[in-house]
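For ligands, and for the atoms within them, numbers begin at 1 and follow the listed sequence. Just so you know, these numbers use all the heavy atoms, side chains as well, and skip hydrogens, waters and symmetry mates.
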Amino acid sequence: MTTTRPDTKTALARLLTEIEHRNPAQPEFHQAAREVLETLAPVLAARPEYAEPGLVERLVEPERQVVFRVPWQDDRGRVHVNRGFRVEFNSALGPYKGGLRFHPSVNLGVIKFLGFEQIFKNALTGLGIGGGKGGSDFDPRGRSDAEVMRFCQSFMTELYRHIGEHTDVPAGDIGVGGREIGYLFGQYRRITNRWEAGVLTGKGAGWGGSLIRPEATGYGNVLFAAAMLRERGEDLEGQTTVVSGSGNVAIYTIEKLTALGANPVTCSDSSGYVVDEKGIDVDLLKQVKEVERGRVDTYAERRGASARFVPGGRVWEVPADVALPSATQNELDAQDAAALVRNGVKAVSEGANMPATPDAVHLLQQAGVAFGPGKAANAGGVAVSALEMAQNHARTSWPAARVEDELAAIMTSIHTTCHETATRYGNPGDYVTGANIAGFERVADAMLAQGVI
Ligand code: NDP
């Protein structure tokens, strides 16, 4: 067990206060920074080189933040003005890498929290990618394809000057899927007159995309949850699982759970959730959400007697062995965690970024529930994005089985790294500490080697 010098803890507490002062009105960023910094004391105490003044201070300050105007016209000719963001947080390990989020809740603080998390997540993959994130407060819901296209074109007309295959490589996130990546890539190609496949990931399989990229985040999270269960002598087969969300991550989480013999009984969106005793029919869910761009109540209507829609409810009230939050940040609070524990949950693994509040994480860990933090558990998406970059660089395309094997190997390695690191620092089974410290060590080593920049 490593003991922590009180001065290390005091210095970190002081830095957290300073972060709050220097970044006012950014609660999500404060939350993400606090969650990481609070676990770093043991490693800073054990490895004095990391406690060097300025290292952690540099880590919490983005290398570059771009905020820009995105004007666009709707189908009736009305002009709208949205705000665009790209936060290039840390490039010590490789080009900035992280998705774009289009959602009305997006602001600089949300993008900074996501970009900060991304640094550690990307480091955990073991691949050469730095951390960044971007997006806009644009709401694609209810917009026509033509409106989404005009928005994406306007967004890229500014973003193109900040990105590039060796500089910064965006991908999808909430509200940005294959359709949006297509429009963004088309505009980038038009403006730059370059076929630069490696500038964006999540592309269509016929024009530079990697097979298994759409599936990767959800599949990866299920593999991570399975690894946590295996560590406790259990497996996923036969386990009742609750999944929140009904977007990219949720759909492929449900698909993989079903393939491994688990029973995923829920999905949700911001209007409520569906519980389906027979298990969610993933083909019907894909048809409703991906093809028709509909809502989950439509799934319940079409599915028949086994499914019902609960307006405004939260999936965490449904009894389950395993919970996989896959919608958005802070969607699982202490009350939800208490309900899960009461119902005997064994593992919670984050498909979304920071879906569990700090109180919820604490409560789950205290109750002995295996808890997989997003920066480890949902790293499969960005890992396969990095494999997409590798394929683009080599102008080749790998078969699905090869990508899936690599994804499985990466998720196993992330699980092992987190587990071993947590044990090394005296907290066996604490994947939060393990993920934060392991990600930190890799980035910090690179930053130290590259000097004060
Ligand atoms: P999608 O846009 O495909 O789906 C998002 C889902 O979450 C929708 O069902 C949506 O419902 C729901 N949701 C979003 N915001 C809210 C909200 N404020 N309240 C309730 N429900 C909400 O996004 P993804 O599936 O790609 O992303 C889901 C999560 O996974 C995010 O946290 C993202 O950062 C994370 N993630 C995604 C990766 C990827 O590869 N796509 C990689 C790693 C992490 P509604 O339509 O009603 O808004």
Atom pairs, nitrogen or oxygen, ligand 1 to protein, under 3.5 angstrom:
{"residue": "ligand 1", "atom": "2 (O)", "partner": "Gly175", "partner atom": "N", "Å": "2.9"}
{"residue": "ligand 1", "atom": "3 (O)", "partner": "Asn248", "partner atom": "N", "Å": "2.9"}
{"residue": "ligand 1", "atom": "9 (O)", "partner": "Ser246", "partner atom": "N", "Å": "2.9"}
{"residue": "ligand 1", "atom": "9 (O)", "partner": "Ser246", "partner atom": "OG", "Å": "3.1"}
{"residue": "ligand 1", "atom": "25 (O)", "partner": "Asn248", "partner atom": "N", "Å": "3.2"}
{"residue": "ligand 1", "atom": "25 (O)", "partner": "Val249", "partner atom": "N", "Å": "2.9"}
{"residue": "ligand 1", "atom": "32 (O)", "partner": "Arg101", "partner atom": "NH2", "Å": "3.4"}
{"residue": "ligand 1", "atom": "32 (O)", "partner": "Ala327", "partner atom": "O", "Å": "3.4"}
{"residue": "ligand 1", "atom": "32 (O)", "partner": "Asn353", "partner atom": "N", "Å": "3.1"}
{"residue": "ligand 1", "atom": "34 (O)", "partner": "Arg101", "partner atom": "NH2", "Å": "2.9"}
{"residue": "ligand 1", "atom": "34 (O)", "partner": "Asp173", "partner atom": "OD1", "Å": "2.6"}
{"residue": "ligand 1", "atom": "34 (O)", "partner": "Asp173", "partner atom": "OD2", "Å": "3.3"}
{"residue": "ligand 1", "atom": "34 (O)", "partner": "Asn353", "partner atom": "ND2", "Å": "2.8"}
{"residue": "ligand 1", "atom": "40 (O)", "partner": "Arg213", "partner atom": "NH1", "Å": "3.4"}
{"residue": "ligand 1", "atom": "40 (O)", "partner": "Arg213", "partner atom": "NH2", "Å": "3.0"}
{"residue": "ligand 1", "atom": "40 (O)", "partner": "Thr217", "partner atom": "OG1", "Å": "2.7"}
{"residue": "ligand 1", "atom": "46 (O)", "partner": "Arg295", "partner atom": "NH1", "Å": "3.2"}
{"residue": "ligand 1", "atom": "47 (O)", "partner": "Arg141", "partner atom": "NH1", "Å": "3.1"}
{"residue": "ligand 1", "atom": "47 (O)", "partner": "Ser270", "partner atom": "N", "Å": "2.8"}
{"residue": "ligand 1", "atom": "47 (O)", "partner": "Ser270", "partner atom": "OG", "Å": "2.4"}
{"residue": "ligand 1", "atom": "47 (O)", "partner": "Arg295", "partner atom": "NH1", "Å": "3.3"}
{"residue": "ligand 1", "atom": "47 (O)", "partner": "Arg295", "partner atom": "NH2", "Å": "2.8"}
{"residue": "ligand 1", "atom": "48 (O)", "partner": "Arg141", "partner atom": "NH1", "Å": "3.3"}

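- Residue Leu59 comes nearest to Ile119 through the heavy atom pair O-CD1, 4.1 Å, listed as atom of the first residue, atom of the second, then distance.
- Of the residues Gln31, Glu20, Lys112, the one that meets the side-chain hydrogen bond (donor to acceptor under 3.5 Å, both in side chains) test with Gln26 is Lys112.
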Give every donor-acceptor pair under 3.5 Å between a side-chain atom in residues 208-219 and any protein atom, sequence neighbours left out.
{"residue": "Ser210", "atom": "OG", "partner": "Gln391", "partner atom": "NE2", "Å": "3.0"}
{"residue": "Arg213", "atom": "NE", "partner": "Gly381", "partner atom": "O", "Å": "3.1"}
{"residue": "Arg213", "atom": "NE", "partner": "Ser385", "partner atom": "OG", "Å": "2.8"}
{"residue": "Tyr219", "atom": "OH", "partner": "Glu255", "partner atom": "OE2", "Å": "2.6"}

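- You'll find the ring centres of Phe155 and Phe138 outside the 6.0 Å limit.
- Inter-residue side-chain proximity for Arg150 and His80 is flagged as unmet; no heavy-atom pair is nearer than 4.5 Å.
- Under the 6.0 Å cut-off for aromatic ring centres, Phe116 and Phe89 qualify, their centroids lying closer than that.
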